[in-house]
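Presented below is the structure to which this report refers.
Because the structure is predicted, anything quoted here is derived from the model rather than measured. Throughout, protein chains are lettered first and strands after them, A, B, ... in sequence-line order, and every chain is numbered starting at 1.
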Amino acid sequence: MAVAIIGAGHSRFGNRRDVNVAELAWESMKQAFDRANVVQKDIDFYIVGMAGLWSSEAAVPSLIAEYAKLYAGSMRIEAACATGSASIGAGYNAIESGEADVVLILGLEKMQESPNPTVIEIIGRYGSYFWEFENFGLTFPAYYALYATAYMNAYNAKEEDFGNVAVKNHYYGSKNPYAQFQKEISLEQALNSPYIAWPFKLYDCSPITDGSACVILASEEKVKEFGLDDTVWIISQGSRTGTANLSKRENFLSFDSARRASQMAYRKAGIDAEKPYLHLDGADVHDCFTSAEIMAYEDLGFAKRGEGVELIREEQTYIGGRIPVNVDGGLKAKGHPVGATGVSQAVEAYKQLLGEAEKGRQVDIKHGRWLTHNIGGTGHYAYVTIYGLEKR
Amino acid sequence: MEYRKAGEKNIKEYGFPVTIDEKLGTLQWVDLRELTLSYLICIENIAPFFENMREGKLVTTRCPECGEIFFPPQKDCPNCMISEMEWIELGREGTLETLTVVFVRPPTFARYDPYVVAIVRLDDGVKITAWLRGDPEKVKIGDRVRIEIKRREKEGHYMYEIVPVEG
């Protein structure tokens, strides 16, 4: 049974201390309801993807039941920064199994309810708590920096290459009205920003973000019943899990979990894993740190091992290049509200494929397929999802 | 926390623990129910690791059936489905695989200066994450390093650390 996205919504990302948790959720839910032309009673099940702890409310599905009058069955899902894609996967399965026809997926995070140092403290714990955090104080940037250092050493990548990822993503963020940072930056600015975890500087890091994103999924029967023709289908999803301790990883040049998740997704979708970019119009990859985007090019097969850095040098991931990547600003400029990120990527896939992205960042859709790459922790959870205009 | 103080002050002036967001100018309720988290983590089944570290030795578990060495040590072998693991002493030398310098530290590490975290592949094959003592600009990936056990400067407990091998 095919599963479609029939509506999508997206709050403005950033400092959202102008709304509370329920109000922030409602912003994207309202847009998704309007777009799908459905109401609460049409929803059979709903999933809230949220990592939490930095924000006050924990029983968010119940908060939503009350605030939005949505009383279908529900659950909350957590898979660190891949929470959003994990939630979409669970919604897909609920429809695929025949248990539900219409499922609402809400990705949500309100990280700025806590001060930044508290968030740094909490997010540093998404590895092996005892063997990495407790005694060695690793932070989220530091985990990724361990990979970045190894990558630079092996493939002669420079801090400047990482800076160019930030320049690209800020360029596209400047064209996205929902992005946290809507201004361009220069390479010089990126390179002159202070070190956070060497080799990462401030502009190599995604920010601490509040935001919500929502998609409504429906079965093929419901799509027919509702008489919808502007839908985007979930073609396939692959997922894998990596070890808690980075010291248990084979090397620090690639996320094995992401590579295998992408192979799974390509196989199910019938996409050639050697040159997948020939079948895709664009991709949203998990650029929580700039080097992670370059590693994603390789893990997804957009470039050969060690050649990801060439793609950014040659501007091959801008619109018009080999494959446009993160033309919504990515996590880097759009922002990274942990639980909402994977859903935000799905919203971007929906908008791009239907030709509804804002001026200056709409990709020319030829193949009708878009990829999202959503990583939780540091390769701890990997989800690769392929969306398309035609069902599989 | 700055806003905590503002909230408490505003109880007197405004009647509620509130503050105004600096950037947006929007009204915030300052939560008064501050939470402190400190876990009890069971190390009963890997106690020899700590007992040996106190004696200056680095040990870990090996499965007597398949021979896999586990670091961090673990009680069970998921390959052979057995729990009778043996303890072995690890060799101290290895090669530096990667490193970073943590400038922006979590508040619970604020009393330390920026620290270097590295991952080393020991000659036994297992990899270990730890702090690296010494100047990060004077070491590079592939350098020979060794593990030393020392008491932590601030907390005072034993911990293993990575040090460059001279020459």
Side-chain angles (χ1 to χ4, degrees), chain A residues 14-20 53 56 112-125 127-139 141-154 194-202 205 244-253, chain B residues 1-4 19-29 31 33 35 37 39 41 43 46 70-73 96-110 112 114-122 126-132 136-137 140-142 152 155 157 159-161:
Chain A
N15 168 357
R16 295 305 313 272
R17 291 201 190 117
D18 55 328
V19 285
N20 68 23
L53 200 57
S56 53
Q112 296 203 15
E113 276 197 0
S114 288
N116 284 2
T118 306
V119 176
I120 291 165
E121 181 84 33
I122 294 170
I123 211 165
R125 300 171 175 216
S128 163
Y129 184 87
F130 187 75
W131 298 93
E132 294 180 328
F133 183 79
E134 172 78 8
N135 290 308
F136 309 116
L138 276 150
T139 60
Y143 288 115
Y144 268 91
L146 288 167
Y147 274 83
T149 309
Y151 186 94
M152 289 168 79
N153 180 68
Y195 278 108
I196 303 294
W198 181 85
F200 292 147
K201 295 165 290 299
L202 183 65
C205 307
N245 274 289
L246 299 194
S247 64
K248 300 285 259 188
R249 309 281 174 84
E250 197 47 49
N251 63 58
F252 304 103
L253 305 174
Chain B
M1 267 181 280
E2 293 280 313
Y3 62 67
R4 186 67 196 264
T19 188
I20 302 287
D21 182 68
E22 278 175 16
K23 286 186 184 139
L24 304 179
T26 51
L27 192 63
Q28 316 292 315
W29 177 284
D31 175 19
R33 314 300 161 205
L35 176 68
L37 286 174
Y39 307 110
I41 299 166
I43 54 167
I46 53 166
F70 292 89
F71 190 88
L96 188 65
E97 287 232 334
T98 190
L99 75 161
T100 179
V101 187
V102 183
F103 287 96
V104 176
R105 283 100 67 208
T108 53
F109 282 86
Y112 282 98
Y115 41 85
V116 185
V117 181
I119 300 178
V120 170
R121 185 190 288 271
L122 295 181
V126 297
K127 288 201 273 261
I128 293 191
T129 303
W131 279 1
L132 182 140
E137 299 201 31
K140 57 183 192 308
I141 291 173
R152 268 289 164 84
E155 294 91 348
H157 63 73
M159 194 40 61
Y160 47 95
E161 60 182 25

Chain B contact via A:F136 - side chain, backbone, both or neither, heavy atoms under 4.5 Å: both

Side-chain donor or acceptor of A:E132 paired with backbone N/O of B:T129 under 3.5 Å: no

Exceeds 12 heavy-atom contacts within 6.0 angstrom, atom CD of B:E22: no

Is A:Y195 close to chain B through its backbone or its side chain, or both, or neither, when contacts mean heavy atoms under 4.5 Å? both

Taking all non-hydrogen atoms of both residues into account, name the closest pair between A:P117 and B:P107 and its distance. O-CD, 3.2 Å

Using the test side chain to side chain contact (heavy atoms under 4.5 Å, CB included), find all partners of B:L24 that sit at least two apart in sequence or belong to another chain. A:N15, A:R17, A:D18, B:D21, B:T26

Measuring from A:N135:CG to B:Y160:OH, what's the distance to the nearest 0.5 Å? 6.5 Å

Hey, are the side chains of B:Y39 and A:Y129 touching, using non-hydrogen atoms and a 4.5 Å cut-off? yes

Which of B:I41, B:I43, B:V102, B:T108 touches chain A most, by non-hydrogen pairs under 4.5 Å: B:T108

Can you name the side chain to side chain contact (heavy atoms under 4.5 Å, CB included) partners of B:L35, sequence neighbours left out? B:L37

So which of B:V126, B:V117, B:L27, B:V120 has the biggest tally of heavy-atom pairs under 4.5 Å with chain A? B:V117

Is there side-chain contact between B:V104 and A:P141, with at least one heavy-atom pair below 4.5 Å? no

Do side-chain atoms of B:T98 reach the backbone of A:L146 as a donor and acceptor pair under 3.5 angstrom? yes

I'd like to know if the side chain of B:K127 reaches the main chain of A:E250, judged simply by a donor and an acceptor atom lying under 3.5 Å from each other, with no hydrogens or angles considered. yes

Does the side chain of A:K248 reach to within under 4.5 Å of the side chain of B:F70, using non-hydrogen atoms? yes

Between atom CD of A:E113 and atom CH2 of B:W29, what is the distance when rounded to the nearest 0.5 Å? 14.0 Å

Would you check if B:Y3 and A:P115 make a side-chain contact, meaning some heavy-atom pair closer than 4.5 Å? yes

Hey, does the side chain of B:Y115 reach the backbone of A:L138 with a donor-acceptor pair shorter than 3.5 angstrom? no

Which answer fits B:Y112, side chain, backbone, both or neither, if we ask what part of it has an atom under 4.5 Å from a heavy atom of chain A? neither

Roughly how far, to the nearest 0.5 Å, is the CH2 atom of A:W131 from the CD1 atom of B:I128? 9.0 Å

Name the region of B:R152, side chain, backbone, both or neither, that has any atom closer than 4.5 Å to a heavy atom of chain A. side chain

Distance (rounded to the nearest 0.5 Å) between A:Q112 CD and B:K23 NZ: 7.0 Å

Taking C-beta and beyond as the side chain, do A:T139 and B:P106 meet within less than 4.5 Å on heavy atoms? yes

Give a yes or no answer on whether the side chain of A:T149 reaches the backbone of B:T100 with a donor-acceptor pair at less than 3.5 Å. no

Taking every non-hydrogen atom, the tightest pair across A:N245 and B:P72: ND2-CG, 3.5 Å

Out of A:A142, A:A148, A:G137, which one racks up the most heavy-atom pairs below 4.5 Å with chain B? A:G137

